[in-house]
2 protein chains.
Amino acid sequence: MILDATDKKILRLLQEDAHMTLKDIANKINLSLTPVHDRVKRLEKEGIIEKYVSVLNKKKLGINLTVYCQVTLIKQNYDISEGFNQSILNFPEVVECNFVSGSFDYMLKIVLPDMESYHHFHQKKLSILPEVSLINTFFVISEVKSTTVLPI
Amino acid sequence: MILDATDKKILRLLQEDAHMTLKDIANKINLSLTPVHDRVKRLEKEGIIEKYVSVLNKKKLGINLTVYCQVTLIKQNYDISEGFNQSILNFPEVVECNFVSGSFDYMLKIVLPDMESYHHFHQKKLSILPEVSLINTFFVISEVKSTTVLPI
DNA sequence: TAATATTCAGAAAAATTTACTGTAAAAATA
DNA sequence: TATTTTTACAGTAAATTTTTCTGAATATTA
């Protein structure tokens, strides 16, 4: 599937604000409702638009600590990795987990209320996983940028 | 502002799918339209709900490479940091940038079409910033988890 | 106990999305 | 080259959703 200039304009708008009405979009890109509607539906159907979500304010929810954890496993084989992955998927405080190249195995991003919660998470949830060998933590002091907008 | 159980239920639903109708939400949590509408509006007004966005599919947009960069600045003072921050905000491929504690200064997450694009980004955009002293890159081999859903 | 807020239900109005009809331009085919 | 087919779009009407309004029930406060 090829995205033409109009598709990209629509995607750029919807990435920033999914609550724009079709009419708003139509006006912004000088089209009528029909093509905008059809294109959005097509983009949804093709899976280019994966989902629509609400972005909540961490601070106002009392989530005041973000950390990156570099995790090394005891071994790199399939079963060990899969076991670890499954545990991570069940940890709601882990918002990001990627298997990476380099001197460790996984890069995690974790969001928590405070340091005490992190201590608990580290001791009672992450470090006790049988697959985990090493954890190296970096604490976020200040968030410069955080966006769901992809460059298109 | 205190969130009661009903607010949290609404937030949990909207975090996963912002295209649920008020009626859908009302049905799921056994309420009528009015309180759901009023609560959502209040959550928006208070800034608990920050925005609504569309999540796009990286792969289908030809974005096949994700990397983490650990960046060290030449100095840690305010002007140097601010200069760096401003540049980062203007780089659309940088989707995440956090000032962190530890053996380097910033943790970046960058999304790009391929290795060639990363080479270009590294050489022509990141490493030439006057504030940057050191860059350490980790390539994502496989994405295990990536969510905008906060634990509430 | 009365007055005031707060929360919610139901209904009507306004706005948006969806579906339908048709036209013009571009592309494909004979 | 002419004809058919496809594609993209405009306009309108129906269906759905959001928004607004009215009022009742419960809890809070004076």
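The aromatic rings of Phe84(B) and Tyr106(B) lie tilted to each other, with the angle between the two planes from 30° to 60°. The aromatic rings of Phe138(A) and Phe104(B) lie tilted to each other, with the angle between the two planes from 30° to 60°. Classification of the Tyr118(B)-Phe139(B) ring pair by plane angle, with boundaries at 30° and 60°, yields perpendicular.
Rounding to whole angstrom units, CD1 of residue Ile29(B) and P of dC8(C) are separated by 9 Å. At whole-Å resolution of the value, CG in Leu22(B) and P in dT19(D) are 7 Å apart. Counting to the nearest Å, the P atom of dT17(D) and the OH atom of Tyr52(B) are 16 Å from each other. Here dT6(C) presents its P atom at 18 Å from CG of Leu31(B), a figure rounded to the nearest Å. The distance between atom CG of Asn30(A) and atom C1' of dA8(D), rounded to the nearest whole Å, is 16 Å. Between the P atom of dA15(C) and the CG atom of Asn27(A) lies a distance of 14 Å, rounded to the nearest Å. Regarding Met20(B), its CE atom lies at a distance of 11 Å from the P atom of dT17(D), rounded to whole Å. When the P atom of dT7(C) is taken as reference, atom CG of Leu43(B) falls 12 Å away, rounded to whole Å.
Taking only side-chain nitrogens and oxygens, Arg39(B) never comes nearer than 4.0 Å to OP1 or OP2 of dT7(C). For the OP1/OP2 pair of dT17(C) and a distance below 4.0 Å, the side-chain nitrogens and oxygens of His37(A) include no atom meeting the criterion.
Residues Arg39(B) and Asp4(B) are paired through a salt bridge, judged by an N-O separation under 4.0 Å between the basic side chain and the carboxylate.
Within 4.0 Å (heavy atoms only), Arg42(B) reaches no atom of the nucleic acid at all. Nucleic acid contact for Leu33(A): base, since at least one base atom lies under 4.0 Å from a heavy atom of the residue. As judged by a 4.0 angstrom heavy-atom cut-off over every strand, Thr21(A) is placed among residues touching the sugar-phosphate backbone only.
Residue order along DNA chain C, read from the 5' end via each residue's closest nucleotide, puts Lys23(A) first among Lys23(A) and Asp38(A).
A donor-acceptor contact shorter than 3.5 Å is absent between the side chain of Asn85(B) and the backbone of Val144(A).
For Thr34(B), counting side-chain heavy atoms from C-beta on, the closest listed nucleotide (dC21(D), dC9(D), dT18(C)) is dC21(D).
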